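FYI, the numbering just counts along the sequence from 1. Both backbone and side-chain heavy atoms feed into the values below; hydrogens, waters and symmetry mates do not. Worth saying up front: this structure is predicted, and the values here are computed from it rather than measured. Whatever order the structure lists ligands and atoms in, that order sets their numbers, starting from 1.
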Amino acid sequence: MYRNKLADRAQLKDIVRLSETLPTPHIIIDLEMIRANFLKMRSLCSYADIYYAVKACPLDEIVSMLYEEGSNFDIASRYELDRALALGVEPERLLYGNTIKKAEDIAYFHEKGVRFFATDCENDVRKIAQNAPGSNVYFRVLLPHSDSADWPLSRKFGCSAGMVLDLISLAKELKLNPIGVSFHVGSQQRNLEIWDQALKATREIFDKSPVKLGFVDMGGGLPAQYNYPVEDLETYAVTIKSYIDNYFKGQDIRFIMEPGRSLVGDSGVLAATVVETSKKDNADNVRWVYIDAGKFNGMVETIDESIKYSAYFPSRDENAPSGPVILAGPTCDSMDIMYENYKMQMPLDLKAGERVYFLAAGAYTASYASVCFNGFPPIRTYIYR
Ligand SMILES: Cc1ncc(COP(=O)(O)O)c(C=O)c1O
C-alpha cells in the first residue's frame, strides 16, 4: 500500500497516543510539519511571495506560526479577516482573494486596511470601485483545461482572457489600480503542464493589456500526499520557475502563490471510530463500514470520491488479511458515503469500536465540517507539539 509522509514518521505513533486520550472523531495537526513545509516552500519558491490560503485550515495556531515565519495570507471572508487581524496580522499582509463578495464586505475589508482585491466580473469591479476606491485589483482568468485536478476549481471562478482585458479598462476608468492577473490551476493538480498554460495565458493578457501590469497571483494547486505518489515540491518549484522564465524572464513582476493543501494537508491525522460493519446480504463479499466521521464531518472532499485518504490501523500488522469495503459516515443521509466505487481495503475482522486513522487530513477537513448536521457536533481539531 502507498503510505503518505506522516506514516513514515515516528511522530505518527505519538499522535496516535495523543489521539487515544480524546473522543473521536477529531483531527490532530502536526504544527511543526506545517512550519517545515512553509520553510521548504519559501526556499524552493523564492521567486514568489507566499500567501497562505487560510481556508485550508484556519486554526489560530497555524496562522500565528506562519505569520511569525513571515507568511502573508489569502483571505476568503470577513470572518477569516477578523480572525487574522485579531491575531495581529497587518492588513498589508492580506489580500481578499474571493471573487464572490458582497458590497458591504468589500467596504469592511477596505475599512480594515486591505488594499488587494481579486475580481472577475463587471459588477464586482464596480462594487470594488465604489466601496474600496483606489484599491489594487487583479483579475482572475478562467483556465478551461484545469479540470485535471483532483479537486477542480475550473468553472466557478474567473473569466475569459478577453473579458479580463475589458475589466482592466473598466477598472482604470473607475480609478482603481489594475495590477495584474490571478489564476488557480485546480487543487491537488497533478499535471504540471497546466501551470505552463496558465502562465502563457497570463503573458498574453500582459501583452494586450491597456495598462502596464506587474503582478501575477499563481493561486494554489500544489499537492498533498494522499494514497498515490505525487511529484515532490522540488519538481513543482523548478518546473514552475522554468515556465516563469520562459514567459517573463528579466521583467519586473511580482509573483505570489497561495498554497493551502500543500502546506497543511500532510500534517493532519483524522481519527475515527468504527460504528458498525455489516453486509446487505450474506452472499456479498464487500462489507459496509460505518464510521463516526463522514462527508458532513471532516471528509467532505470525498464528494465524487475526489480525494482518497489512506487508512491506517496502528495496532495491526500491515499484512493482516484485508478486503474491500464501502466506507460511510454516521448520519441518516444516503449521501454520507465516502467511498463506494473506490474500494478501500480494511482488515477482514474489523469490529465496531476499533479506531481508524486517515492520513493527510489536514486540509479542507475541519474547515468544511457542517455545524451540527443530524446533531453531530463539528469535528474538533487538536495541535500536536
Ligand atoms: C483563491 C484561492 N487561492 C488559493 C487556494 C488554495 O489552493 P490549494 O489548497 O490547492 O493550495 C484556493 C482554494 O480554494 C483558492 O480558492
Inset, instruction - Examine Phe109 together with Tyr96 and report whether their ring centres are nearer than 6.0 Å. - result: yes
Inset, instruction - Could you list the atoms of ligand 1 found under 4.0 angstrom from a heavy atom of Pro259? - result: 11 (O)
Legend entry - Tyr309/Tyr226 aromatic ring centres below 6.0 Å: yes
Legend entry - Arg190 charged N/C atom sitting above Tyr228 aromatic ring, 6.0 Å / 45°: yes
Inset, instruction - Just let me know how Tyr364 lines up against ligand 1, side chain, backbone, both or neither, with a heavy-atom cut-off below 4.0 Å. - result: side chain
Inset, instruction - Answer yes or no for Gly221: is there a heavy-atom contact with ligand 1 below 4.0 Å? - result: yes
Inset, instruction - Give the atoms of ligand 1, by number and element, whose distance to some non-hydrogen atom of Ala53 is under 4.0 Å. - result: 4 (C), 5 (C), 6 (C)
Inset, instruction - State plainly whether the residues Arg83 and Glu80 are in salt-bridge range, i.e. N to O under 4.0 Å. - result: no
Inset, instruction - Find all atoms of ligand 1 within a distance of less than 4.0 Å from any non-hydrogen atom belonging to Asp74, and give their numbers and elements. - result: 1 (C), 2 (C), 3 (N), 4 (C)
Legend entry - Lys/Arg cation over aromatic Tyr342: Lys308, 6.0 Å, 45° cone: yes
Legend entry - atom 11 (O) of ligand 1: the protein heavy-atom neighbour that sits closest, reported with distance to 0.1 Å: Gly260 N, 2.8 Å
Inset, instruction - Check each heavy atom of His184 against ligand 1 and say whether those closer than 4.0 Å belong to the side chain, the backbone, both or neither. - result: side chain
Inset, instruction - Determine whether the side chain, the backbone, both or neither of Arg140 has a heavy atom under 4.0 Å from any heavy atom of ligand 1. - result: side chain
Legend entry - Ring centre gap for His184 and Phe157 strictly below 6.0 Å: no
Legend entry - Numbered atoms of ligand 1 (with element) below 4.0 Å of Ser187, judged on heavy atoms: 8 (P), 9 (O), 10 (O)
Legend entry - Heavy-atom proximity to atom 15 (C) of ligand 1, best of Lys55, Met218, Glu258: Lys55
Legend entry - Parallel, tilted or perpendicular, as decided by the 30° and 60° cut-offs, for the rings of Tyr290 and Trp288: parallel
Inset, instruction - Determine whether the side chain, the backbone, both or neither of Asn98 has a heavy atom under 4.0 Å from any heavy atom of ligand 1. - result: neither
Legend entry - Short N or O distance, Ser262 and ligand 1, threshold 3.5 Å exclusive: no
Inset, instruction - Before accepting this row, confirm whether a basic side-chain N of the pair Arg78/Asp82 lies closer than 4.0 Å to the acidic partner's carboxylate O. - result: no
Legend entry - Heteroatom proximity flag, Arg261 to ligand 1, N/O under 3.5 Å: yes
Inset, instruction - Kindly state whether the ring of Tyr138 and the ring of Phe215 have centres lying under 6.0 angstrom apart. - result: yes
